[in-house]
Amino acid sequence: MTDPFDQHLNRDNTQSIKFDACQAVFGRDDVIPVWIADMDFAAPEAVTQALSERAAHPAYGYTLFPDSLYQSIINWFRERHNWDIQRDWILMAPGVVPSLHAACMAYAAPGEGVIIQPPVYPPFFSSVQLSGRAVIENPLVCDQAGQYRMDLEHLEACAARPDARLLMLCSPHNPVGRIWSEQELEAVLDIARRHDLVIISDEIHCDLTFADKPRHRMLATLARPSDALVTAIAPSKSFNIPGLGLSALVIPDKERRDAIKEVFDSMHLPQCNPFSIAGFEAGYRSGAPWLDDLMRYVQKNRDFVVEAVNARLPGIQTQAPEGTYLMWLDCRNLGLSDAALKRFFVEDARVGMNPGISFGEQGSGFMRLNIGCPKAVLAEVLTRIESVLPTNR
């Protein structure tokens, strides 16, 4: 029987940023888009059914967050992550990226410092800069085998700065795919305690982990009640519904919860979307079997890409990520500038990926590949790249 994840899903002319913005982003529309982090798979049937049922009622007015929505979060994280969340810790939010902006505004004054760990998801930079706060970089360290780790000694020095107020943690990490070890997470908590740092832990990829890699540990399950911790969660990556634009923050401390709520309220956010609520709750209530099947499929994609890249693409190397459906390709041995590297993939290979330099200077010479698509798409991507590499011309 054909695997449903092998089925081609035509997303053209659906106003998909990933597909319909190729001309605007890459300057041509014949690239294979394997860039922005959504997947080319149909969402779980339970999500589609919930949206259809909500659409069947013809009134789409201002909507409350129902108790059942909060309970779906509590049940999911208890069952999947062994994390007991109390109802009043949860603050619904209009997305993880707006939450990063709000955290900067709530926990750091203009000009004060926010620590990030590049290479990292670009909004970590922009949320700090656009809110008028100062970026403090604690770069990840990459060894010769391509494995990344935190530079905890340097993190301590960053946290000791008198202007440092907030640490943005990406866990699992986008784009390098690390699942931080319990020891690393404990060290981060210890540093934050010593230097009175607030941590916002972006754990939007927490469900996207592989059976042959370490299990993701929610930072909150290691924290003390007194720790200044904000956890950002959402079903958007887990069930491929990022366009619905709803997330949640889990903040045990009422004062810190009120501080970020005040920021949202000052901008009249969020205005609750009835479809976002329906999709969010359906994912957490009924999406587990689909998610388990998804991750088995993506793991096969991951292994296929690792083997093919390292065997067939001279000058490019990659490692198997521990989490996410994103892969970090090391293209530095091609000897190209970042601008030339992007041109090579777009103009020669006709493949649209995220340039590593967009994740910070530490991403120079890298590209980010989205493997959340049918294997046949990845096979064509690799064939196109292989055919234009200098040694194969």
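Counting begins at 1 with the first residue of the sequence.
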K.L.:
Are R87 and Y70 in a cation-pi setup, meaning NZ or CZ lies under 6.0 angstrom from the ring centre and within 45 degrees of the ring axis?
P.N.:
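Here R87 passes the 6.0 Å and 45° test against Y70.
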K.L.:
Before we go on, tell me: are the rings of F275 and Y60 under 6.0 Å apart, centre to centre?
P.N.:
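Ring centroids of F275 and Y60 are less than 6.0 Å from each other.
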K.L.:
Within a strict 4.5 Å, meaning less than it, do heavy atoms of the V309 and L382 side chains meet?
P.N.:
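Yes; the side chains approach each other to less than 4.5 Å.
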K.L.:
Show your working on salt bridge (charged side-chain N to carboxylate O under 4.0 Å, His left out) between D338 and K342 and close with a plain yes or no.
P.N.:
CA-CA 6 Å; D338 289 300; K342 181 177 180 180; over 6 Å; no
K.L.:
Any chance the side chains of E137 and Q362 put a donor and an acceptor closer than 3.5 Å?
P.N.:
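There is such a pair (donor and acceptor under 3.5 Å, judged by atom type) between the side chains of E137 and Q362.
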K.L.:
Keeping the roles fixed (side chain from R217, backbone from P214), state whether a donor-acceptor pair exists under 3.5 Å.
P.N.:
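Such a contact is absent between R217 side chain and P214 backbone.
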K.L.:
Strictly below 4.0 Å, N to O, side chains only: are R296 and D293 in salt-bridge contact?
P.N.:
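Salt bridge flag = yes for D293 with R296.
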K.L.:
Less than 4.0 Å between a side-chain N and a carboxylate O, is that true for D163 and R133?
P.N.:
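Here R133 does not pair with D163 in a salt bridge, since their nearest N and O are not under 4.0 Å apart.
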K.L.:
Under 3.5 Å, is there a donor-acceptor pair linking the side chains of S181 and E184?
P.N.:
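Yes, because at least one side-chain N or O of S181 sits under 3.5 Å from a partner of the opposite role on E184.
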K.L.:
Any donor-acceptor pair under 3.5 Å linking the side-chain atoms of E203 with those of H81?
P.N.:
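No pair is found: no donor N or O on one side chain lies under 3.5 Å from an acceptor on the other.
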K.L.:
Thinking salt bridges, do D253 and R257 make one under a 4.0 Å N-O criterion?
P.N.:
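No, no charged N to carboxylate O under 4.0 Å.
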K.L.:
Answer yes when K18 and D12 have at least one side-chain N-carboxylate O distance shorter than 4.0 Å, and no when they do not.
P.N.:
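Not counted as a salt bridge, because no side-chain N and carboxylate O are separated by less than 4.0 Å.
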K.L.:
Please name the pair of heavy atoms, one in A282 and one in A46, separated by the smallest distance, quoted to 0.1 Å.
P.N.:
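Residues A282 and A46, closest heavy atoms: CB-O, 3.7 Å.
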K.L.:
When you look at CD of Q7, are more than 12 heavy atoms from neighbouring residues, nucleotides or ligands closer to it than 6.0 Å?
P.N.:
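Enclosed: over 12 neighbouring heavy atoms sit under 6.0 Å from CD of Q7.
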K.L.:
Is there side-chain contact between I17 and V25, with heavy atoms separated by less than 4.5 Å?
P.N.:
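They are not in contact (no side-chain heavy atoms under 4.5 Å apart), so the answer is no.
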K.L.:
F359 and ring pair (Phe, Tyr, Trp, His ring centres under 6.0 Å): which partner among Y121, F366, W328?
P.N.:
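When Y121, F366, W328 are each tested with F359, the ring pair (Phe, Tyr, Trp, His ring centres under 6.0 Å) holds only for W328.
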K.L.:
Is E347 paired with R343 through a side-chain N to carboxylate O contact shorter than 4.0 Å?
P.N.:
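No, no charged N to carboxylate O under 4.0 Å.
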K.L.:
So, are K300 and D303 salt-bridged, with charged N and O less than 4.0 Å apart?
P.N.:
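No.
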K.L.:
Do F239 and F280 make a side-chain contact, defined as non-hydrogen atoms from C-beta onward lying under 4.5 Å apart?
P.N.:
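A side-chain contact under 4.5 Å is absent here.
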K.L.:
Are the side chain of N310 and the backbone of V306 linked by a donor-acceptor contact shorter than 3.5 Å?
P.N.:
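Present.
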K.L.:
Are E156 and L152 close enough that some pair of their side-chain heavy atoms sits under 4.5 Å apart?
P.N.:
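No. Closest side-chain heavy atoms not under 4.5 Å.
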K.L.:
Is a salt bridge present between R80 and D292, judged by a nitrogen-to-oxygen distance below 4.0 Å?
P.N.:
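Judged by the 4.0 Å cut-off on N to carboxylate O distance, R80 and D292 do form a salt bridge.
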K.L.:
Decide if atom CD of Q23 counts as having more than 12 heavy atoms of other residues, nucleotides or ligands within a radius under 6.0 Å.
P.N.:
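Above 12, so yes.
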K.L.:
Can you check whether V114 reaches I136 side chain to side chain, under 4.5 Å on heavy atoms?
P.N.:
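No, too far: nothing below the 4.5 Å cut-off.
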K.L.:
Less than 4.0 angstrom from a charged side-chain N to a carboxylate O is my criterion; do E322 and R178 meet it?
P.N.:
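Looking at E322 and R178, the cut-off is met.
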K.L.:
Assess whether a salt bridge exists between R11 and D40, defined as any Lys/Arg side-chain N lying under 4.0 Å from an Asp/Glu carboxylate O.
P.N.:
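D40 and R11: salt-bridged.
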K.L.:
Does D212, at its CG atom, have more than 12 non-hydrogen atoms belonging to other residues, nucleotides or ligands within less than 6.0 Å?
P.N.:
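Yes.
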K.L.:
Where do R193 and D190 land on the salt bridge (charged side-chain N to carboxylate O under 4.0 Å, His left out) test, with the steps shown first?
P.N.:
CA-CA 5 Å; R193 291 172 191 138; D190 286 341; 2.7 Å; yes
K.L.:
Can you measure from CZ (R28) to SG (C22) and round to the nearest 0.5 angstrom?
P.N.:
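One finds 11.0 Å between CZ of R28 and SG of C22.
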K.L.:
Using a 4.5 Å cut-off on heavy atoms from C-beta on, say whether the side chain of L140 contacts that of Y148.
P.N.:
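Yes, side chains in contact.
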K.L.:
Heavy-atom distance under 4.5 Å between the side chains of P374 and F41, does that happen here?
P.N.:
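P374 vs F41: side chains touch.
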K.L.:
Which is it for L341 and L334 under the side chain to side chain contact (heavy atoms under 4.5 Å, CB included) test, yes or no, and what are the steps along the way?
P.N.:
CA-CA 8 Å; L341 189 64; L334 293 178; 3.9 Å; yes
K.L.:
What closest approach, in Å, do Y297 and C373 show between heavy atoms, and which atom pair accounts for it?
P.N.:
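Taking every non-hydrogen atom into account, CE2-O, 3.7 Å.
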K.L.:
When you compare the side chains of D67 and Q71, does any donor N or O come within less than 3.5 Å of an acceptor on the partner?
P.N.:
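There is no such pair between these side chains.
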K.L.:
Hey, does the side chain of R384 reach the backbone of D348 with a donor-acceptor pair shorter than 3.5 angstrom?
P.N.:
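Not at all, since once roles are kept as given, no pair shorter than 3.5 Å links the two residues.
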K.L.:
Less than 3.5 Å apart, any donor N or O on the side chain of N138 or Q117 sitting next to an acceptor on the other?
P.N.:
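N138 vs Q117: donor-acceptor pair found between side chains.
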K.L.:
Scan side-chain atoms only and decide if N301 and Y325 contain a donor-acceptor pair under the 3.5 Å cut-off.
P.N.:
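Side chains of N301 and Y325: no pair found under 3.5 Å.
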K.L.:
Under a plain distance cut-off of 3.5 Å, with no hydrogens placed, do Q49 and E45 share a side-chain donor-acceptor pair?
P.N.:
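No pair is found: no donor N or O on one side chain lies under 3.5 Å from an acceptor on the other.
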K.L.:
V377 versus E380: any side-chain heavy-atom pair under 4.5 Å?
P.N.:
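No, every pair of side-chain atoms sits at 4.5 Å or beyond.
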K.L.:
To the nearest 0.5 Å, how far apart are CD in Q147 and SG in C142?
P.N.:
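Taking CD in Q147 and SG in C142, the distance rounds to 8.0 Å.
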K.L.:
Looking only at the side chains, is there a donor atom on one of N174 and T324 sitting less than 3.5 Å from an acceptor on the other?
P.N.:
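Note: N174 and T324 side chains miss the donor-acceptor criterion.
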K.L.:
So if I apply the side-chain contact (heavy atoms from CB on, under 4.5 Å) rule between V96 and each of P242, S247, S236, which one comes out positive?
P.N.:
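By the side-chain contact (heavy atoms from CB on, under 4.5 Å) criterion, V96 pairs with just one of P242, S247, S236: S247.
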